[in-house]
Amino acid sequence: MNYHPNKTTNYLFCFLEVFTTEGGIQSYIQDILNAYEKLATKTNSIPKAQILLLRDTPTPPNLEHSKALKFYYLKTNPASLGRIKFTIKLIHLLIQEKPKMVFCGHIKLAPLIQTICKFLAIPYTVITYGKEIWNPLTEREKKALREADRIWTISRYTRDRACKINHLDPQKFEILPCTVNGNIFTPGPKPQSLIERYNLSNAKVLMTVARLWSGDIYKGVDVTIRALPLIAQVFPNVKYLVIGRGDDRTRLAKLAEDLGVEDRVIFAGFVAKEELVEHYRVADGYVMPSQEGFGIVYLEAIACGLPVVAGDDDGSADPLQDGMLGWQVPYRDAVAVAAACVEMLRGEDRRCDRDWLREKTLTAFGTDTFLDRVKQLLNL
């Protein structure tokens with residue numbers, strides 16, 4: 001079958017889940033959809049987009065009543081039935097709507113979308129995020145990427161690692177980095193309520209926001225805990241505020257106890273988005289020696305005026321602008337992390353200039369810049 005585009009064509013987005021699960025990829029996808037909605041508001045020439053959600057149930061987001069986006073929630077028990085419903089709806093919309101482009105929001109959906117789109121001669125783009133394409137993919141997944149019209153990804157690191165491991169063409173990739181809303185994430189005084197809640201009076205506060213899952217130890221919370229005894233030799237009043245939840249918390253708490261720093265480590269648990277800015281403000285520095293596809297939390301921290309410490313071999317090179325805006329250290333090296341944190345807490349480096357950090361970050365990764373990039377990639 002041949003596909004003939006026309007002026008009424010639209011876009012079709014396919015995702016695993018967007019609204020019912022927390023995570024960087026979900027936040028990234030919501031930013032893309034919000035950008036599409038804003039572009040549609042500014043002009044009447046942007047076609048309506050259809051959104052297929054395999055694992056989401058109808059828990060209406062702010063975008064639910066959008067004139068530019070129509071959502072289809074296809075989660076079903078058993079899951080196998082949901083996949084069947086998803087496939088049927090996908091084929092129906094492809095034939096009925098004849099979209100200009102299909103956007104595949106996860107590598108696990110790519111083989112299905114490649115098979116159907118190839119049959120209908122409809123172009124598709126695969127949206128990638130990070131570690132889901134860092135390791136060897138199946139032959140079907142690699143074929144889906146190779147036959148895609150374009151591949152969007154969030155950082156140079158993810159592009160380069162995926163290309164090396166899976167023998168992909170880097171020219172097929174387009175970089176769409178994460179974004180931060182500078183109107184939400186803003187500097188401010190340390191909130192007294194949080195100082196009292198976490199017993200942080202007169203403390204130098206380091207902070208991490210991360211999932212505490214046993215499968216995500218690469219986030220580096222354990223490395224930072226190991227660095228605390230060294231940091232405390234220079235800053236005896238240092239404390240470490242860890243925001244996040246997961247099954248690895250018990251191990252991390254035991255590590256802090258074994259190292260004699262349990263009184264310095266505060267596990268805050270889950271913090272809602274609307275409270276997150278105040279938590280950034282209570283800190284003196286953000287530390288996450290990790291291996292990230294990008295690391296949106298670095299943008300959030302810097303936008304709130306915090307200097308940051310990150311890993312030196314991952315996608316954080318993009319938000320830190322190759323070390324100009326923060327410290328990059330070997331991500332499993334507690335001694336290197338300690339040294340960087342001491343420098344950061346001394347506050348003598350330009351990378352501690354909060355106004356300058358914020359200005360550079362919002363110029364490169366603010367919502368206006370992100371909006372322009374989405375518009376460019378969609379050829380709108």
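Bear in mind the structure is a predicted one, so any value in this text is a computation, not a measurement.
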Lys254 vs Asp258, salt bridge (charged side-chain N to carboxylate O under 4.0 Å, His left out): CA-CA, chis, key distance, verdict: CA-CA 6 Å; Lys254 181 65 165 57; Asp258 291 344; 2.8 Å; yes

Check against side-chain contact (heavy atoms from CB on, under 4.5 Å), Lys164 and Asp160: CA-CA 6 Å; Lys164 181 178 180 180; Asp160 296 344; over 6 Å; no

Nearest atoms (heavy-atom pairs only) where Leu206 meets Cys341: CD1-SG, 4.1 Å

Ring geometry between Trp134 and Tyr157 (parallel below 30°, tilted from 30 to 60°, perpendicular above 60°): perpendicular

Leu145 side chain near Asn166 side chain, heavy-atom distance below 4.5 Å: no

Nearest-0.5 Å distance that lies between atom CD in Gln291 and atom CZ in Arg332: 9.5 Å

Neighbour count >12 (heavy atoms, 6.0 Å) for atom NZ, Lys375: no

Candidate list Leu93, Ile51, Leu52, test side-chain contact (heavy atoms from CB on, under 4.5 Å), partner Cys14, passing option: Leu52

Between Asp56 and Thr20, a side-chain donor and acceptor under 3.5 Å: yes

Audit row: Tyr240, Val261, side-chain contact (heavy atoms from CB on, under 4.5 Å) steps and yes/no: CA-CA 10 Å; Tyr240 182 32; Val261 294; over 6 Å; no

Sub-4.5 Å side-chain heavy-atom contact between Val265 and Ile225: yes

Nearest heavy atoms of Asp149 and Met101, plus distance in Å: OD2-CE, 3.5 Å

Residue of the set Trp152, Phe15, Tyr124 for which ring-ring contact (aromatic ring centres under 6.0 Å, His included) holds with Phe103: Trp152

Lys190, NZ: over 12 other non-hydrogen atoms inside 6.0 angstrom: yes

Rounded distance [0.5 Å steps], CG in Asp313 versus CD in Gln328: 10.0 Å

Working for salt bridge (charged side-chain N to carboxylate O under 4.0 Å, His left out), residues Arg156 and Asp314: CA-CA 9 Å; Arg156 295 167 295 167; Asp314 68 341; over 6 Å; no

Smallest separation among heavy atoms of Pro187 and Ala303, with atom names: CD-O, 3.5 Å

Salt bridge (charged side-chain N to carboxylate O under 4.0 Å, His left out) assessment of Arg281 paired with Glu278: CA-CA 5 Å; Arg281 289 174 180 168; Glu278 291 288 280; 2.7 Å; yes

Any side-chain heavy-atom pair of Phe86 and Tyr72 under 4.5 Å: no

Heavy-atom check, side chain of Thr125 versus side chain of Ile151, under 4.5 Å: no

Flag side-chain contact, heavy atom, 4.5 Å: Tyr28 against Ile32: yes

Contact summary for Asp248 and Ser214, nearest pair of heavy atoms: CB-N, 3.7 Å

pair Arg251-Ile217: side-chain heavy atoms closer than 4.5 Å: yes

4.5 Å side-chain heavy-atom contact, Thr367 and Asp31: no

Plane angle bin for Phe13 and Tyr11 - parallel if under 30°, tilted between 30 and 60°, otherwise perpendicular: tilted

Ser290 versus Lys219, side-chain donor and acceptor atoms under 3.5 Å: no

Stepwise salt bridge (charged side-chain N to carboxylate O under 4.0 Å, His left out) check, Asp263 with Lys239: CA-CA 8 Å; Asp263 59 330; Lys239 291 198 174 183; over 6 Å; no

Side-chain heavy atoms of Thr158 within contact of Phe294, under 4.5 Å: no

Val180 and its side-chain contact (heavy atoms from CB on, under 4.5 Å) partner, picked from Phe370, Phe185, Tyr298: Phe185

